[in-house]
Amino acid sequence: MKTETTIHGLAASLQSARSAKKIIGFVPTMGNLHEGHLSLVREAKKICDVVVVSIFVNPTQFGPNEDFENYPRTWEQDSQLLVDVGCDIIFAPSVEQMYVKQPVVTRIQVTGITDILCGASRPGHFDGVALVVTKLFNIVQPHYAFFGQKDFQQVAVVKQFVQDLNLNVEVIASPTIRAEDGLALSSRNGYLNAQERAIAPNIYQSLLQAAQALQAGTALAEVLHGIKEHLKRVGFSIDYVEAFTPDLTPIQSTDTDVVLFVAAKLGTTRLIDNLHVKLITA
Ligand code: PAF
């Protein structure tokens with residue numbers, strides 16, 4: 001496995017693969033890798049000849065009071081995991097390599113679907129994601145790029161700008177990977193203390209209960225209220241509990257595909273999760 005820290009270095013490393021018309025797969029990450037990331041690398045390896053993983057904690061997607069400085073940076077552990085899973089190249093640029101001119105003056109903004117959920121709670125977050133992912137796609141020029149469905153809205157944003165900007169990459173979304181107790185894997189789980197970690201699986205449990213209730217015919221508003229009450233009772237503070245269609249449009253009474261979304265905090269740690277529910281029609 002090679003590690004490249006510069007755009008030129010990466011281009012040189014990929015040159016022979018490109019001339020041999022090899023299929024290039026790309027998994028963008030901010031490091032502190034867990035099984036969720038590794039599952040994306042495994043997916044990539046199934047259909048690609050060369051797999052590039054980027055490790056870059058992207059400052060433009062963090063708000064002023066968010067955890068950019070403290071975001072876990074675990075280089076040694078990450079590179080060992082990537083060797084083990086068969087990654088071919090790590091791209092680990094510095095902030096200066098990615099953003100030559102600072103402050104950054106260019107924006108890539110997907111409107112509409114970023115006005116809701118995490119876009120509403122974290123203003124500017126998806127502009128930062130769209131900018132860095134566009135740059136990474138231009139730098140790596142992959143045939144396929146792999147993202148986790150835990151970040152459902154992020155996947156929707158990426159798919160939207162890939163289509164609108166005619167970027168030549170196919171975006172593949174893979175299912176959320178969970179701990180045995182159901183907690184969606186996330187780098188931020190590492191911030192939880194033991195007591196919070198024991199409470200955290202309630203998010204998924206409340207989503208599963210909600211799915212059952214919806215399928216049994218309980219009204220959506222009541223189901224969403226039920227999730228909120230459950231989570232507040234066990235110690236969460238709620239950011240949002242909402243439902244949208246898989247296209248992130250408001251639910252109409254005739255919709256049979258509903259995605260439930262939760263963002264909630266335990267102490268200072270903000271966790272997100274979602275569940276796609278198919279309603280059984282008569
Ligand atoms: O999901 C993430 O880790 C980040 O948002 C991404 C896609 C690597 C962009 O910085």
Side-chain angles (χ1 to χ4, degrees), residues 4-5 7 10 25-41 43-44 51-63 66-75 77-78 81-82 87 89-99 104 106-110 113-114 117-119 121-140 142 144-162 165 167 169-177 184-191 261 263 269-274:
E4 299 296 351
T5 56
I7 294 166
L10 181 72
F26 177 47
V27 182
T29 82
M30 298 204 299
N32 194 235
L33 304 179
H34 50 66
E35 191 49 40
H37 300 109
L38 303 181
S39 75
L40 298 179
V41 179
E43 281 305 304
V51 176
V52 180
V53 175
S54 63
I55 296 184
F56 178 63
V57 185
N58 171 39
T60 66
Q61 69 189 76
F62 288 80
E66 293 186 349
D67 53 349
F68 171 69
E69 297 296 342
N70 298 328
Y71 197 85
R73 286 148 173 100
T74 48
W75 171 255
Q77 183 186 312
D78 291 350
L81 288 169
L82 289 174
C87 163
I89 303 174
I90 304 181
F91 178 52
S94 63
V95 171
E96 293 69 30
Q97 181 69 199
M98 287 298 284
Y99 296 111
V104 178
T106 299
R107 295 271 173 278
I108 298 201
Q109 191 171 49
V110 176
I113 56 171
T114 59
L117 302 172
C118 289
S121 312
R122 303 180 66 190
H125 167 67
F126 287 117
D127 296 356
V129 170
L131 180 62
V132 80
V133 174
T134 305
K135 286 165 73 68
L136 289 166
F137 283 174
N138 283 334
I139 293 165
V140 179
Y144 296 97
F146 298 81
F147 292 82
Q149 278 290 15
K150 184 183 80 76
D151 299 309
F152 192 102
Q153 194 176 12
Q154 170 168 279
V155 173
V157 167
V158 172
K159 284 188 170 166
Q160 190 63 58
F161 72 71
V162 162
L165 300 177
L167 301 185
V169 53
E170 187 171 328
V171 174
I172 299 188
S174 294
T176 302
I177 305 293
L185 295 192
S186 160
S187 299
R188 292 196 166 94
N189 294 351
Y191 296 149
F261 293 92
T269 307
R270 184 174 178 277
L271 302 174
I272 61 169
D273 203 348
N274 64 78

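Note that ligands are numbered from 1 as they come in the structure, with each ligand's atoms numbered from 1 the same way. Throughout, residue positions are numbered sequentially from 1 according to the sequence presented.
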Ligand-residue contact atoms, ligand 1 with Gln61, heavy atoms, under 4.0 Å:
4 (C), 5 (O), 9 (C), 10 (O)
Atoms in ligand 1 with a heavy atom of Val132 nearer than 4.0 Å:
9 (C), 10 (O)
Determine whether Met30 and Ile55 make a side-chain contact, defined as any pair of heavy atoms from C-beta on separated by less than 4.5 Å.
no
Please determine if Thr29 has a nitrogen or oxygen closer than 3.5 Å to a nitrogen or oxygen of ligand 1.
no
Measure centre to centre between the rings of Tyr71 and Phe62, then say whether the value is under 6.0 Å.
yes
Among all protein heavy atoms, pick out the one at the shortest distance from atom 3 (O) of ligand 1; state its residue, atom name and that distance to 0.1 Å.
Met30 CG, 3.7 Å
Lys135 to Met98 - nearest heavy-atom pair and separation
NZ-O, 2.7 Å
Does NZ or CZ of Arg73 come closer than 6.0 Å to the centre of the six-membered ring of Phe56, within 45° of the ring's axis?
no
Kindly identify the option in Gln154, His37, His125 whose heavy atom sits closest to atom 7 (C) of ligand 1.
Gln154
Aromatic ring pairing Phe161/Phe137, orientation class (parallel under 30°, perpendicular over 60°, tilted between):
tilted
